Amino acid sequence: GSIGGSIWYEDGDNDSFGDPNDTKIACDQPAGYVADNTDCDDNNGIFYPGAAEMCNGFDDNCDGQIDEEGALDAPTWYSDADGDNFGDSESSVMTCSQPSGFVSDNTDCDDQDNDIYPGASETCNSEDDDCDGSIDEEAIDSLMYYEDNDDDGHGNSAVTLESCTLPTGYSITMDDCDDNSPTI
């Protein structure tokens with residue numbers, strides 16, 4: 001080595017970041033060496049300080065962490081507070097590995113109730129059980145009602161409507177033989 005020379009670090013992968021464990025002392029920069037000693041993998045030019053972190057099992061950016069939160073290709077995971085496997089689109093993280101309590105789906109319309117999720121059976125409960133924007137439509141526990149044109153409390157069995165509540169102009173009975181006359 002040269003007296004008064006500088007320390008140079010081998011840059012085996014030509015990424016401008018040198019290997020802190022492979023040095024030379026020289027007055028002038030030797031070929032294949034750089035003044036920087038921060039490369040964490042001098043055998044691969046895609047791993048260096050400031051590189052984009054990717055989900056690949058390596059410390060791409062030389063910060064001592066592998067596949068950390070915010071990696072460029074990390075999928076988005078959504079909080080599933082109610083455990084129904086449907087997540088809250090308003091609460092997410094981007095990590096390479098699925099965190100506990102998070103799912104890849106973001107379509108839950110009520111992440112506090114595990115009976116409410118896309119595809120759930122709609123029931124007569126004044127809630128949007130299936131997350132389609134409608135309440136109590138085609139509910140599995142709805143009742144059949146019969147049109148009552150003459151408003152005599154007896155309905156026509158030929159004209160029906162399923163509903164969670166008794167609609168105006170309908171009856172729960174279907175025994176009217178003349179729905180145009182309230183006296184028959």
Side-chain angles (χ1 to χ4, degrees), residues 9-23 34-146 160-170 172:
Y9 304 91
E10 183 180 25
D11 183 16
D13 56 12
N14 294 315
D15 63 2
S16 300
F17 298 91
D19 181 347
N21 299 313
D22 192 345
T23 62
V34 294
D36 180 283
N37 70 345
T38 59
D39 204 341
C40 58
D41 184 347
D42 202 40
N43 294 314
N44 193 325
I46 64 170
F47 305 132
Y48 57 86
E53 187 67 38
M54 303 298 283
C55 296
N56 58 8
F58 296 99
D59 179 13
D60 303 280
N61 58 10
C62 297
D63 67 354
Q65 299 179 35
I66 295 173
D67 297 345
E68 66 259 22
E69 186 172 338
L72 272 179
D73 60 345
T76 303
W77 303 99
Y78 302 92
S79 176
D80 181 20
D82 60 10
D84 62 6
N85 292 319
F86 294 88
D88 179 357
S89 65
E90 301 293 318
S91 178
S92 65
V93 295
M94 291 179 64
T95 61
C96 294
S97 300
Q98 181 177 3
S100 178
F102 284 76
V103 295
S104 61
D105 182 282
N106 69 345
T107 58
D108 204 340
C109 59
D110 184 349
D111 201 36
Q112 301 305 310
D113 187 335
N114 65 359
D115 291 330
I116 297 176
Y117 55 87
S121 294
E122 192 70 43
T123 60
C124 294
N125 60 3
S126 299
E127 294 180 335
D128 181 11
D129 300 298
D130 57 7
C131 294
D132 69 354
S134 298
I135 295 174
D136 295 345
E137 83 290 350
E138 299 178 15
I140 60 172
D141 58 347
S142 64
L143 297 175
M144 185 69 66
Y145 295 99
Y146 305 92
T160 62
L161 177 68
E162 279 192 56
S163 178
C164 290
T165 58
L166 178 62
T168 302
Y170 282 79
I172 64 169

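Quantities reported herein were computed from a predicted structural model and do not represent experimental measurements. Residue numbers start at 1 and run along the sequence shown.
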Visitor: Please collect all disulfide (SG to SG under 2.5 Å) contacts where either partner lies in residues 42-86, sequence neighbours excluded, each pair once.
Guide: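 Counting only pairs at least two positions apart or across chains, the disulfide (SG to SG under 2.5 Å) contacts touching residues 42-86 are C40-C62, C55-C96.
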Visitor: Could you pull out all residues at least two apart from Y78 that satisfy ring-ring contact (aromatic ring centres under 6.0 Å, His included)?
Guide: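 ring-ring contact (aromatic ring centres under 6.0 Å, His included) list for Y78, sorted by chain: empty.
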Visitor: Not counting sequence neighbours, which residues clear side chain to side chain donor-acceptor pair (under 3.5 Å) with D129? List them please.
Guide: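 In terms of side chain to side chain donor-acceptor pair (under 3.5 Å), with neighbours along the sequence ignored, D129 is linked to T123, N125.
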Visitor: Measuring from E127:CD to D110:CG, what's the distance to the nearest 0.5 Å?
Guide: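 One finds 7.0 Å between CD of E127 and CG of D110.
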Visitor: Surrounding CD of E138 (heavy atoms of other residues, nucleotides or ligands, distance under 6.0 Å), is the total greater than 12?
Guide: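 Counting neighbours around CD of E138, 12 or fewer heavy atoms of other residues, nucleotides or ligands fall under 6.0 Å, so no.
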Visitor: Using side chain to side chain donor-acceptor pair (under 3.5 Å) as the criterion, list what pairs up with S97, not counting sequence neighbours.
Guide: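 S97 satisfies side chain to side chain donor-acceptor pair (under 3.5 Å) with no other residue.
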Visitor: Would you check if the side chain of D141 reaches a backbone N or O of C124 as a donor-acceptor pair within less than 3.5 Å?
Guide: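 At least one qualifying donor-acceptor pair exists.
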Visitor: Where do T76 and M94 come nearest, in terms of heavy atoms and distance?
Guide: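 Answer, listing the atom of T76 first, then M94: OG1-CG, 3.5 Å.
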Visitor: With rounding to the nearest 0.5 Å, note down the distance linking CG in D42 to CG in N37.
Guide: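 Spacing of CG (D42) from CG (N37) equals 11.0 Å.
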Visitor: With heavy-atom distances below 4.5 Å as the criterion, would you say the side chains of S92 and W77 are in contact?
Guide: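 S92 vs W77: side chains apart.
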Visitor: Can you name the closest pair of heavy atoms from D11 and S16 and give their distance?
Guide: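 In this case the closest contact between D11 and S16 is OD2-N, 2.8 Å.
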Visitor: Would you say D111's side chain and A81's backbone share a donor-acceptor pair under 3.5 angstrom?
Guide: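 A pair under 3.5 Å: yes.
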Visitor: How long is the gap from CD on E162 to OH on Y170, to the nearest 0.5 Å?
Guide: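 It is 12.0 Å, given to the nearest 0.5 Å.
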Visitor: Where is the tightest heavy-atom contact between I66 and G57, given as atom of each residue plus distance?
Guide: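 Closest pair (atom of I66, atom of G57, distance): CG2-C, 3.4 Å.
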Visitor: Pair I116, C131 - check side chain to side chain contact (heavy atoms under 4.5 Å, CB included), show working.
Guide: CA-CA 7 Å; I116 297 176; C131 294; 4.0 Å; yes
Visitor: Could you check whether any side-chain N or O of D59 sits under 3.5 Å from a backbone N or O of G64, counting only pairs where one atom can act as donor and the other as acceptor?
Guide: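 Side chain of D59 to backbone of G64: a pair is present.
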Visitor: Taking everything shown except I172 itself, do over 12 heavy atoms lie less than 6.0 Å from its CD1?
Guide: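 Open: at most 12 neighbouring heavy atoms sit under 6.0 Å from CD1 of I172.
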Visitor: Kindly write out the residues that satisfy side chain to side chain donor-acceptor pair (under 3.5 Å) with D36, not counting sequence neighbours, or none if the list is empty.
Guide: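 Once residues adjacent in sequence are excluded, the partners of D36 under the side chain to side chain donor-acceptor pair (under 3.5 Å) criterion are T38.
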Visitor: With the side chain counted from C-beta on, respond yes when S142 and D136 share a heavy-atom pair under 4.5 Å apart, and no when they do not.
Guide: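 No; the side chains remain at least 4.5 Å from each other.
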Visitor: Please confirm whether the backbone N or O of D19 pairs with a side-chain atom of D39, one donor and one acceptor, at under 3.5 Å?
Guide: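 Answer holds: no.
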Visitor: Short question: side chain of D88, backbone of S79 - any donor-acceptor pair under 3.5 Å?
Guide: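 Such a contact is absent between D88 side chain and S79 backbone.
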Visitor: For the residue pair A120 and D130, what are the closest heavy atoms and their distance?
Guide: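 Heavy atoms only, the tightest pair is O-CB, 3.2 Å.
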Visitor: Decide side chain to side chain contact (heavy atoms under 4.5 Å, CB included) for N85 and D80; before the verdict, give the C-alpha distance in whole Å, the side-chain angles of both, and the deciding distance to 0.1 Å.
Guide: CA-CA 6 Å; N85 292 319; D80 181 20; 4.2 Å; yes
Visitor: Hey, does the side chain of D132 reach the backbone of P118 with a donor-acceptor pair shorter than 3.5 angstrom?
Guide: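 Side chain of D132 to backbone of P118: no pair is present.
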Visitor: Could you tell me which non-hydrogen atom of F47 sits nearest to which non-hydrogen atom of D15, and how far apart they are?
Guide: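 Here F47 and D15 meet closest at O-OD2, 3.4 Å.
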Visitor: Taking the side chain as every heavy atom from C-beta outward, state whether N106 and E90 have any atom pair closer than 4.5 Å.
Guide: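 A side-chain contact under 4.5 Å is absent here.
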Visitor: Say whether, by atom type as modelled, one donor and one acceptor occur between the side chain of N61 and the main chain of E53 under 3.5 angstrom.
Guide: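 Not a single qualifying donor-acceptor pair exists.
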Visitor: Quick one: list whatever passes ring-ring contact (aromatic ring centres under 6.0 Å, His included) with Y117, sequence neighbours left out.
Guide: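 Per chain and number, Y117 pairs via ring-ring contact (aromatic ring centres under 6.0 Å, His included) with F86.
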Visitor: Under 3.5 Å, side chain of D128 to main-chain N/O of G133, donor-acceptor pair present?
Guide: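 At least one qualifying donor-acceptor pair exists.
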Visitor: Whether the side chain of D60 engages the backbone of A51 through a donor-acceptor N/O pair (distance < 3.5 Å, no angle test) should be reported.
Guide: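 No.
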Visitor: Rounded to the nearest 0.5 Å, how far does CG of D41 lie from CG of D13?
Guide: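 Here the interatomic distance stands at 7.0 Å.
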Visitor: Do you know which two heavy atoms are closest between T95 and E69, and how far apart they sit?
Guide: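 Here T95 and E69 meet closest at CG2-CG, 3.7 Å.
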